[in-house]
There are 2 protein chains.
Amino acid sequence: MSDRPTIYAVAQRCGVSTTTVSRVLHDESFGSERTRQLVLRVAAELGWVPNGAAQGLASRKAGVVGLLFPDLGLPAAAEEESPLYVDQVIRGAERTAASMGQAVLIAAVKASGGKSLAYSVAGKVDGLVIMSRSLSDKDIATISQTVPVVLLANKPGSRSYDNVSVDNRTGVRELTSHLISHHSYASLGFVAGPHGSPDSAERFRGFCEALGTAGLPVPEAPTAEGNFTEIGGRKAMHRLIEQAELPRAIVFGNDEMAIGALSVLHDSSLRVPEDVAITGFDDIAVARHLHPPLTTVRQPMRELGEQAVSLLFARIQDPRSSRKSVYLSTELVVRASCGCETSGTN
Amino acid sequence: MSDRPTIYAVAQRCGVSTTTVSRVLHDESFGSERTRQLVLRVAAELGWVPNGAAQGLASRKAGVVGLLFPDLGLPAAAEEESPLYVDQVIRGAERTAASMGQAVLIAAVKASGGKSLAYSVAGKVDGLVIMSRSLSDKDIATISQTVPVVLLANKPGSRSYDNVSVDNRTGVRELTSHLISHHSYASLGFVAGPHGSPDSAERFRGFCEALGTAGLPVPEAPTAEGNFTEIGGRKAMHRLIEQAELPRAIVFGNDEMAIGALSVLHDSSLRVPEDVAITGFDDIAVARHLHPPLTTVRQPMRELGEQAVSLLFARIQDPRSSRKSVYLSTELVVRASCGCETSGTN
DNA sequence: CCGGATAGCGAAAACGCTTAACAAAGCTTC
DNA sequence: GAAGCTTTGTTAAGCGTTTTCGCTATCCGG
């Protein structure tokens, strides 16, 4: 612990200078074969492990990239509620970072007071991917003066940084068009996520575009709102059922709400897709296991993380290159809930 | 970037020494109100962010804990195959680390060649949680001389380190006893995970214990083997169907295999649980959405991560305290697939 | 043999921060 | 008004690497 061997110890044991040790450890081709072997052997014998802090300080690079993601401060009750897609993003980030030999420092930043952790992380990494909506523009600005920053997801003010986001709109547009042209559903509903969510807004826009293109009446506002949660989906579905006429097909802003709706419909003895077609968005893992399997739009979450880190490395290498924006496209995943297949593997 | 303000810059601007700045930044109660405000204001104005490397080097603590998990080197095809429970562990670790104001450094260590990354990570953290089976005992030993280490899951040689694991055996024993006593199933099968997996072995042992207690014949070996994957589950199920008599109930070593089996049974027009009861292990997110919902055993993955980090902090605080072992218990989750409820919410 | 490459290595100065060890000044308290 | 605190601040010594110079041999062509 406190008696960890340093390269100085290694150097002494070998009868060489610390410079030589450091060089041998980094340059594949340095020094005589004899010295190399000696140093390497002694280092291993002593159990020497590089002191990251010292390396970082001297070389001005941490060998670590950071990932800040939102912490919804789940009230313990909502255990699994936390946005599962974050995991995928983390994995993606980890993966491409690993391919560059870097590790990933992750931290959830809380809606309130996460600032100091965020700053602390910023000082420990070579670059930062920020997923958090909870970090103010000002904080992001300050941090970006310290290390390169890549923004994830459709943060409104993201235009001044490298950023990667998903083409929500086209995704829902394609989905909706499929519903209209393939199944000739004439009355469609849209259940939105929480008010003010840019993602939700974009998805609704895609929905409207498809309706417009098909010459159908374009609604002013979403048919209902469901907070992106399963419970929200249930409530929304209940409301829709109580209303005059049920749309022939309902486009949900995400899968979780669709799941809630599915269970309500089941309890109400309404058949999916015969009585009403249902679709989601995200293609979370459970989607294909639902009954009926859910037609949805796949978001490339893992790729989101991968791209973000790629962008970050590019920026680190060339800090003054022009700002880049990556726009990932989604994939329509057709399953039974929209009226297509009635069974099948996928 | 290269012109990041240092505390020296802050100190100069304030007309005080770097010591004073450092102290103000750390001691809540240091200096006159006037000096404090001045320093804080100037630091903010300059956009000062602590240099983690320098802090770490000077204070001998990184403010970061590491988490090493296995990278199965998924061949791109098996996208989602990667052990999803890892995500839960990461989240758990992140959560309790955050409560101590620390961030988490994550890295997947590959079966081959992950060594150097592992060592590099070890040098950057105050402590390390190791989930990886791919790190040799020797490497773990070396690393543990550098930083405190906590082992996760039932690694065979884990007895010499702090470690936290899940009581697989009791979990399956309870499950199996439920099957026997509650449903009076007389013929039971067990589908194991990959040969050599300690987890799988423990689960099988639990299965046998329950049989023994009930006075039923105890098998020598698992009825079939399925590699812990959905595909493996399918294959195993096929094999079982082809054999002479199908057990009345089948205990699968994990949920994924049970999922595979479920789809095979569906295709074979065998009813669950009427013709054959099915259970899993893990309680992954999809389990409750299957048809029928899967009776299984919940593994407290998130808690696993939490406990591991707690242990780590304890060890960091008192490096010479006695070795601790945490054994987490599982929870039986009864759903329809074992023949209990036929519908329901949960 | 001599001038200049070049290979092999070392001395020492950073890197930005923390943390003793002190010193000076302002308070009590008797 | 001296002795002893407490408060406020300073000086300087690291922390373990990397990295910039620069030195000494050795080698080679001419």
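Keep in mind the model is a prediction, meaning the values are calculated, not measured. Residue numbering restarts at 1 for every chain, and letters A, B, ... go by the order of the sequence lines.
Rounded to whole angstrom, the span from the OH atom of A:Tyr8 across to the P atom of C:dA12 amounts to 12 Å. Atom CD1 in B:Ile7 sits roughly 8 Å away from atom C1' in C:dT18 (whole-Å rounding). Taking atom CG of residue B:Leu25 and atom C1' of nucleotide C:dC17, one finds them 11 Å apart after rounding to whole Å. Between the C1' atom of D:dG16 and the NZ atom of A:Lys61 lies a distance of 18 Å, rounded to the nearest Å. Protein atom CZ of A:Arg34 is 19 Å distant from nucleotide atom P of C:dA7, rounded to whole Å. In this structure, the CD atom of A:Glu33 is 14 Å from the C1' atom of C:dA7, given to the nearest Å. One atom, CG of B:Leu46, and another, C1' of C:dG16, lie 15 Å apart when rounded to the nearest Å. The distance from atom CG of A:Asp126 to atom P of C:dC15 is 18 Å, rounded to the nearest whole Å.
Remark on DNA chain D: of its neighbouring residues B:Ser32 and B:Ala58, the 5'-side contact belongs to B:Ser32, judged by nearest-heavy-atom nucleotide. Summary of the strand contacts: B:Phe30 and A:Leu57 both lie near DNA chain D, and taking for each the nucleotide with the nearest heavy atom, the more 5' one is attributed to B:Phe30.
Taking side-chain N and O atoms only, A:Ser17 has a distance below 4.0 Å to OP1 or OP2 of C:dG10. When the side-chain nitrogen and oxygen atoms of A:Ser22 are compared with OP1 and OP2 of D:dT18, one or more of them lie within a distance under 4.0 Å. The side chain of A:Gln55 contributes no N or O atom lying less than 4.0 Å from OP1 or OP2 of D:dG16. For C:dG10, neither phosphate oxygen OP1 nor OP2 lies less than 4.0 angstrom from any side-chain nitrogen or oxygen of A:Thr18. Distances shorter than 4.0 Å separate some side-chain N or O of B:Thr20 from OP1 or OP2 on D:dT10. For A:Thr19 and C:dA11, the shortest distance from a side-chain N or O to OP1 or OP2 is not below 4.0 Å.
Ranking C:dA20, C:dT18, D:dT18 by closeness to the B:Arg23 side chain, first place goes to C:dA20. Which of C:dG16, D:dT17, C:dC9 sits closest to the side chain of B:Ala54 comes down to C:dG16. Side chain of A:Arg60, nearest nucleotide from C:dC15, C:dT19, C:dG10: C:dC15.
Here the OG1-NZ distance, from B:Thr142 to B:Lys115, works out to 7.5 Å after rounding to the nearest 0.5 Å.
Residue-environment remark: CZ (A:Arg36) exceeds the threshold of 12 foreign heavy atoms within 6.0 Å.
Within the 4.5 Å cutoff, side-chain heavy atoms of A:Pro300 are placed close to those of A:Val166.
Within the 4.0 angstrom heavy-atom criterion, no nucleotide atom of any strand lies near A:Gly52.
Within the 3.5 Å criterion, the main-chain N or O of B:Ala108 finds a donor-acceptor partner in the side chain of A:Glu94.
When each of B:Arg315, B:Arg323, B:Lys324 is tested with B:Asp162 by the rule salt bridge (charged side-chain N to carboxylate O under 4.0 Å, His left out), just one qualifies, namely B:Arg315.
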